[in-house]
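Below: the structure, in structure tokens.
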Amino acid sequence: LVLPPAPPSDRSGAMVQAYVLFDRPIGRVYELLSATARQPEFRTDLARQFTVSRDADGVVEEQHLRVLFVEVVYRLRYRLDPDARSIRWRLDPSFDNDLRSLDGFWELHGLDASHTLARFGTAIDVGEAMPAFVEESMTRHTLARTLARCREWVNADGAAR
């Protein structure tokens, strides 16, 4: 299947942010979210994922994503900060990524002994090689479903669906 070139657009990869309320203590939420290799348990858009490397403050994961009929392959460098209860990621520049840019974060805030408020943000720029609707699908359509599944997964203490 070959698509005509996408019309010119302002595809700046603007940051999309959301808040998620988890029914788990902050320490457990951080523990689950920082286990980045477990994302396929709640991210149905991931066709494959594997760990490329680990270092003192993070991990590099290769992800193969299905967006409609397009497979997108990229590597993310995750930076884990257990003291600040934050997780940040961005594309690994040493890999030939299918995306122009992808950045994101989780910032966790304990509300009480059993609830955590998380701020999530991500910015995706698929570049000119892919149609604009792929970026729209990744940021607007898939994101809400993924965050809802992530919340269910964390609230179920990491039990796979």
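Values reported hereafter were calculated over all heavy atoms of this structure, with side chains retained and with hydrogens, waters and symmetry mates removed. This is a predicted model, so every value here is computed, not measured.
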* Check the pair Trp89, Trp106 against side chain to side chain contact (heavy atoms under 4.5 Å, CB included), reporting the backbone distance first and the verdict last. => CA-CA 9 Å; Trp89 57 88; Trp106 280 107; 3.6 Å; yes
Does a donor on one side chain and an acceptor on the other come within less than 3.5 Å for [X] and [Y]?
| X | Y | value |
| --- | --- | --- |
| Thr44 | Arg149 | yes |
| Gln17 | Arg119 | yes |
| His64 | Gln49 | no |

* Start with the C-alpha gap between Arg43 and Asp45, add the side-chain angles, then the distance that decides, and say whether side chain to side chain contact (heavy atoms under 4.5 Å, CB included) holds. => CA-CA 5 Å; Arg43 287 191 57 198; Asp45 58 331; 3.2 Å; yes
* To do: Mind checking salt bridge (Lys or Arg N to Asp or Glu O under 4.0 Å) for Glu31 and listing every partner two or more places apart, or none if nothing turns up?
  => Arg28
* Would you please name every residue forming a salt bridge (Lys or Arg N to Asp or Glu O under 4.0 Å) with Asp23, sequence neighbours left out? => Arg151
* Of all residues at least two apart in sequence or in a different chain, which pass the side chain to side chain donor-acceptor pair (under 3.5 Å) check with Ser53? -> none
* In chain order, what residues pass the side chain to side chain donor-acceptor pair (under 3.5 Å) check against Ser86, with sequence neighbours excluded? -> none
Could you tell me if the side chain of [Y] sits less than 4.5 Å from the side chain of [X], heavy atoms only?
| X | Y | result |
| --- | --- | --- |
| Leu143 | Val16 | yes |
| Phe105 | Ile87 | no |
| Leu99 | Val72 | yes |
| Thr116 | Tyr30 | no |
| Tyr74 | Leu91 | yes |
| Ile124 | Asp103 | no |

Show the nearest heavy-atom pair for residues [X] and [Y], with the distance to one decimal.
| X | Y | result |
| --- | --- | --- |
| Leu108 | Ala118 | CD2-CB, 3.4 Å |
| Cys150 | Leu33 | SG-CD2, 3.6 Å |
| Ile26 | Gly110 | CD1-N, 3.3 Å |

Salt bridge or not for [X] and [Y], using N-O below 4.0 Å?
| X | Y | result |
| --- | --- | --- |
| Arg88 | Glu107 | yes |
| Asp55 | Arg79 | yes |
| Arg77 | Asp92 | yes |

Roughly how far apart are [X] [atom1] and [Y] [atom2], rounded to 0.5 Å?
| X | Y | atom1 | atom2 | result |
| --- | --- | --- | --- | --- |
| Asn155 | His115 | CG | NE2 | 8.5 Å |
| Leu80 | Asp57 | CG | CG | 7.5 Å |
| Phe120 | Met15 | CZ | CE | 9.0 Å |

* Could you point out which residue of Val52, Asn97, Leu76 forms a side-chain contact (heavy atoms from CB on, under 4.5 Å) with Glu62? => Val52
* Same apolar cluster: Val73 and Val126, side chain cutoff 4.5 Å -> no
* To do: Report yes or no: do Leu147 and Leu65 belong to one cluster of Ile/Leu/Val/Met/Phe/Trp/Tyr joined by side chain heavy-atom distances under 4.5 Å?
  => yes
* Asked: In the hydrophobic clustering that connects Ile, Leu, Val, Met, Phe, Trp and Tyr at side-chain heavy-atom distances below 4.5 Å, which members other than Leu21 occupy its cluster, ordered by chain and number?
  -> Tyr19, Leu111, Leu117
* **Under the side-chain contact (heavy atoms from CB on, under 4.5 Å) test, residues paired with Thr36 that sit two or more places apart** => Gln39, Val59, Glu61, Tyr78
* Distance-only, no hydrogens or angles: does the Arg75 side chain make a donor-acceptor pair with backbone N or O of Pro93 under 3.5 Å? -> no
